[in-house]
Amino acid sequence: MTTKRRGESAVLIVSGGMDSCVLSHYYAAAGFDLHLLSFNYGQKHVKELTYAERYISALRERYSNLEIQHQVVALPIAHLSPNSGSALLNPDQSMPHGHYTDDSMKATVVPYRNPNMLLQAATVAWNENARVVAFAAHYGDYAQYPDCRQEFVDAFNTMLNRAMDSDQVTVEVPFMRFSKAQIARFGASLDVPFELTWSCYEGGSEGFGDKHCGHCGTCVERYEAFKHAGVEDPTQYANDPELFLNIPGQRA
Ligand SMILES: [Zn+2]
């Protein structure tokens, strides 16, 4: 992590998920003022943004000495991709069930999602004289999501530098070498309120209400992370994720 200068802020990209929540706590614990950006890009699980509001409210209470602002930014990714092959965007594409590392999870890739978001975040950072932009990609994202890899982040930082002929703003990814279980363990050490986070890609659309579905890739990944970390999982699952841990690529 970049060492904080007095009164410095960090611009963080946050979803409603546990990794983003841990990321927010990490930078708050380090004393950064936070400008948190969430994105409504037309995702089916837009419900996650409600959960982002919840854990950010709790974060503000805990770190009342910091300035913490949160904006939800609309990105027209789904609008511009009406025939998208992504199960996260297209209502006609069913959500793959099973383990997060299965090839079927490639169906959840949203093309250029992270570069879109990071460019908005860099614009905010430039305007606020902030040096740091961060997001919560981790090692488990590596296989399925090219825009979560270090190679992409390095290329993006080069682009930022060239675009303004300045190295003021740098994207950093502190969890790049962490497994999701390590994020869960780290979050537990920061007393992160995991119960205020939402991971499920189904977004409650299957009629499970406020329960996670328990069988989409990100539900299984979340369950597995808590299990491997030895951290209590406060999540209510509509289906037992244990049943889907070892079933490769099963679809509904
Ligand atoms: Zn789910």
Side-chain angles (χ1 to χ4, degrees), residues 13-23 38-55 77-78 84-110 113-114 135-145 148 175 179-184 187 192-229 231-252:
I13 295 174
V14 296
S15 68
M18 56 187 279
D19 310 330
S20 294
C21 185
V22 175
L23 185 80
S38 299
F39 292 89
N40 183 342
Y41 54 93
Q43 68 270 49
K44 291 178 187 169
H45 59 299
V46 68
K47 179 190 188 94
E48 65 167 338
L49 300 183
T50 306
Y51 284 78
E53 300 274 5
R54 289 180 190 173
Y55 75 69
I77 295 179
S84 174
S86 175
L88 261 53
L89 301 180
N90 191 333
D92 297 329
Q93 296 273 344
S94 64
M95 201 65 69
H97 293 177
H99 200 277
Y100 196 64
T101 55
D102 296 338
D103 274 352
S104 63
M105 291 304 149
K106 288 199 189 301
T108 64
V109 170
V110 175
R113 178 177 55 181
N114 286 347
F135 70 117
H138 60 84
Y139 197 68
D141 293 323
Y142 186 92
Q144 310 298 337
Y145 302 106
C148 289
F175 302 153
S179 68
K180 199 175 181 82
Q182 286 174 312
I183 293 175
V192 163
F194 289 117
E195 71 279 8
L196 302 180
T197 64
W198 181 271
S199 298
C200 181
Y201 279 157
E202 294 286 1
S205 63
E206 285 192 334
F208 299 137
D210 286 332
K211 288 185 178 176
H212 282 58
C213 79
H215 55 210
C216 75
T218 186
C219 273
V220 175
E221 186 201 32
R222 178 183 174 105
Y223 169 82
E224 189 178 38
F226 282 117
K227 182 179 175 179
H228 287 175
V231 172
E232 186 182 350
D233 184 356
T235 315
Q236 287 195 300
Y237 299 102
N239 298 282
D240 183 1
E242 185 72 32
L243 300 174
F244 293 85
L245 269 182
N246 300 308
I247 302 177
Q250 181 178 328
R251 284 176 177 270

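Atoms within a ligand are numbered from 1 in the order they appear, just like the ligands themselves.
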Before accepting this row, confirm whether a basic side-chain N of the pair Glu202/Lys44 lies closer than 4.0 Å to the acidic partner's carboxylate O.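 Lys44 and Glu202: not salt-bridged.
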Could you tell me the angle subtended at the Zn ion (ligand 1) by SG of Cys200 and SG of Cys219, rounded to 10°?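 With the Zn ion (ligand 1) as the vertex, the angle is close to 110°.
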Decide, counting backbone as well as side-chain atoms, whether Cys213 has an N, O or S atom less than 2.8 Å from the Zn ion (ligand 1).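 Yes.
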The Zn ion (ligand 1) to nearest N/O/S of His215 below 2.8 Å: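 Within the cut-off used here (under 2.8 Å), His215 places no N, O or S atom near the Zn ion (ligand 1).
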Using a 6.0 Å cut-off, check whether atom CD of Glu242 has over 12 heavy atoms from anything other than its own residue.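 Atom CD in Glu242 is crowded, with more than 12 foreign heavy atoms closer than 6.0 Å.
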How long is the straight-line distance from OG1 of Thr218 back to CG of Asp19, given to the nearest 0.5 Å?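 Output value for this atom pair is 8.0 Å.
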Between Phe226 and Phe194, does the ring centroid distance fall short of 6.0 Å?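 That pair passes the under 6.0 Å test.
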